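Shown next, in structure tokens, is the structure this report addresses.
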Amino acid sequence: MRAGARRSPSRPWRLRRAAAPVVLVLALAGASAAGIVAAEYRDPTPRYPHGALGDPVEHAGLAVRLADGRRLAVRFPDTLVFEDTAPRLADLDGDGGNEVIVVESHDRQGARLAVWGLVEGRLARRAATPFIGRRFRWLAPLGVADLDGDGRPELAYVETPHLGKTLKILRLDGDRLVPVAEAKGLTNHRFGDPFIQGRIASCDGRPTILAASADWTRILGATLAEGRLSVHDLGPY
């Protein structure tokens, strides 16, 4: 079930600047190439040595390329890093332009899911979940899709995939990420793996979140309808 995002193998952090830019693009029906067309993490740093993704290196910067060739970038202060495999692009508000979905981690409060985009021509954070609340607590994205067929995309991720193992569904509403549904007992990452497992697939014609059971023995499929998640056992892991 290793269909997910992977980051570069471990290497001395001073050498990771030479790594090729990475971007994970999540295709949505109707999305266009307007606005942001590529994104990458920059400025590797060992200042947040969690090691969830296999080494102590995270990133302090985010850079994007626009359809007209312009490039924009931001750099975090010492209290924040991007703790993630790669930025993800998707049109979350239906305006035809991509937003950037990232995982940010605070040196005392742990991780949060955040959405960046263009605000009056600048690269800015548009919305974010609350921080989990404790250092070295993390979350692992699963994907973006219109999960319930209402024409609006939802974001799926697992909060604390090594501990709480809770699948959460959100929707971007203006400047907020609004909770839609959640279910416990699912995970998509083993501590130390440089990749995130699982994805959103089409099963019997409907978007289905694929993840693992909490004990990594079964593959689970989760579907969304009327604000509720239904979780089904799809077979052995």
Side-chain angles (χ1 to χ4, degrees), residues 4-26 35-66 70-90 92 98-119 122-144 155 157-162 177 188-197:
R6 174 187 292 270
R7 77 174 183 181
S8 301
S10 301
R11 65 189 73 178
W13 74 273
R14 291 184 181 84
L15 299 182
R16 293 188 69 176
R17 295 176 184 273
V22 177
V23 59
L24 178 62
V25 178
L26 304 172
I36 298 171
V37 296
E40 63 175 307
Y41 294 132
R42 288 184 173 179
D43 305 315
T45 174
R47 71 189 184 206
Y48 188 75
H50 184 193
L53 289 162
D55 61 38
V57 179
E58 303 307 335
H59 292 84
L62 172 69
V64 302
R65 177 168 54 85
L66 307 186
R70 287 184 296 143
R71 297 176 184 270
L72 303 173
V74 294
R75 181 181 172 87
F76 276 157
D78 290 346
T79 55
L80 284 170
V81 296
F82 294 101
E83 188 179 12
D84 198 3
T85 56
R88 298 150 186 84
L89 300 186
L92 299 176
N98 288 318
E99 281 71 48
V100 186
I101 305 156
V102 301
V103 181
E104 303 174 359
S105 289
H106 188 276
D107 65 355
R108 295 186 305 278
Q109 300 180 62
R112 67 181 176 188
L113 191 74
V115 173
W116 288 69
L118 297 180
V119 179
R122 298 180 298 107
L123 180 61
R125 186 188 297 110
R126 289 190 49 186
T129 66
F131 289 110
I132 293 172
R134 184 172 176 180
R135 178 176 170 88
F136 295 162
R137 294 295 183 264
W138 188 60
L139 61 87
L142 267 163
V144 177
L155 299 88
Y157 71 97
V158 176
E159 184 169 287
T160 55
H162 320 125
L177 285 172
N188 60 341
H189 185 261
R190 287 187 172 106
F191 191 90
D193 281 350
F195 50 84
I196 296 171
Q197 300 198 45

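Residue numbers count from 1 along this sequence. Bear in mind the structure is a predicted one, so any value in this text is a computation, not a measurement.
Taking CG of Leu53 as the start and OG1 of Thr85 as the end, the distance is 7.0 Å to the nearest 0.5 Å. Annotation: the span from Arg88 atom CZ to Leu142 atom CG amounts to 9.5 Å, rounded to 0.5 Å.
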**OP:** Just do the side chain to side chain contact (heavy atoms under 4.5 Å, CB included) check on Thr45 and Phe76 with the steps written out, would you?
**Re:** CA-CA 11 Å; Thr45 174; Phe76 276 157; over 6 Å; no

Subject >> From CA spacing to verdict: side chain to side chain contact (heavy atoms under 4.5 Å, CB included), Leu113, Glu159 >> reply: CA-CA 9 Å; Leu113 191 74; Glu159 184 169 287; over 6 Å; no

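Partners of Phe136 by ring pair (Phe, Tyr, Trp, His ring centres under 6.0 Å), not counting sequence neighbours, listed by chain and number: Tyr48, His50. By the side-chain hydrogen bond (donor to acceptor under 3.5 Å, both in side chains) test, Arg70 pairs with Asp68, sequence neighbours left out. Take Ala63 and apply the side chain to side chain contact (heavy atoms under 4.5 Å, CB included) test, not counting sequence neighbours, and it matches Glu40, Arg42, Ala73. Applying the side-chain hydrogen bond (donor to acceptor under 3.5 Å, both in side chains) rule to Arg47 yields the partners Asp78; only residues at least two apart in sequence or on another chain are considered.
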Can I get a per-line list of side-chain donor-acceptor pairs under 3.5 Å for residues 99-106, giving both atom names and the distance, sequence neighbours left out?
{"unit_1": "Glu99", "atom_1": "OE1", "unit_2": "Leu92", "atom_2": "N", "d": "2.8"}
{"unit_1": "Glu99", "atom_1": "OE2", "unit_2": "Arg126", "atom_2": "NH1", "d": "3.1"}
{"unit_1": "Glu104", "atom_1": "OE1", "unit_2": "Arg112", "atom_2": "NE", "d": "2.9"}
{"unit_1": "Glu104", "atom_1": "OE1", "unit_2": "Arg112", "atom_2": "NH2", "d": "2.9"}
{"unit_1": "Glu104", "atom_1": "OE1", "unit_2": "Arg125", "atom_2": "NE", "d": "3.3"}
{"unit_1": "Glu104", "atom_1": "OE1", "unit_2": "Arg125", "atom_2": "NH2", "d": "3.3"}
{"unit_1": "Glu104", "atom_1": "OE2", "unit_2": "Trp116", "atom_2": "NE1", "d": "2.7"}
{"unit_1": "Glu104", "atom_1": "OE2", "unit_2": "Arg125", "atom_2": "NE", "d": "3.1"}
{"unit_1": "Ser105", "atom_1": "OG", "unit_2": "Glu83", "atom_2": "OE1", "d": "2.5"}
{"unit_1": "His106", "atom_1": "ND1", "unit_2": "Arg108", "atom_2": "N", "d": "3.0"}
{"unit_1": "His106", "atom_1": "ND1", "unit_2": "Gln109", "atom_2": "N", "d": "3.3"}

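Asn98 places a side-chain N or O within 3.5 Å of a backbone atom of Ile36 that can act as its donor or acceptor partner.
Sorted by first and then second residue, the salt bridge (charged side-chain N to carboxylate O under 4.0 Å, His left out) pairs with a member in residues 129-143 form an empty list; sequence neighbours excluded.
Considering every non-hydrogen atom in both Val64 and Ala39, the closest pair reads CG1-CB, 4.0 Å. Shortest non-hydrogen contact noted between His189 and Asp193 is NE2-O, 2.8 Å. Counting all heavy atoms, side chain and backbone alike, Pro87 lies closest to Leu62 at CG-CD1, 4.0 Å. For the pair Asp43 and Gly61, the tightest heavy-atom approach, listed with the atom from each and the gap, is OD2-CA, 3.6 Å. Between Pro141 and Asn188 the shortest heavy-atom distance is O-ND2, 3.3 Å.
Using cut-offs of 30° and 60° on the angle between ring planes, the pair His162 and Trp138 is parallel.
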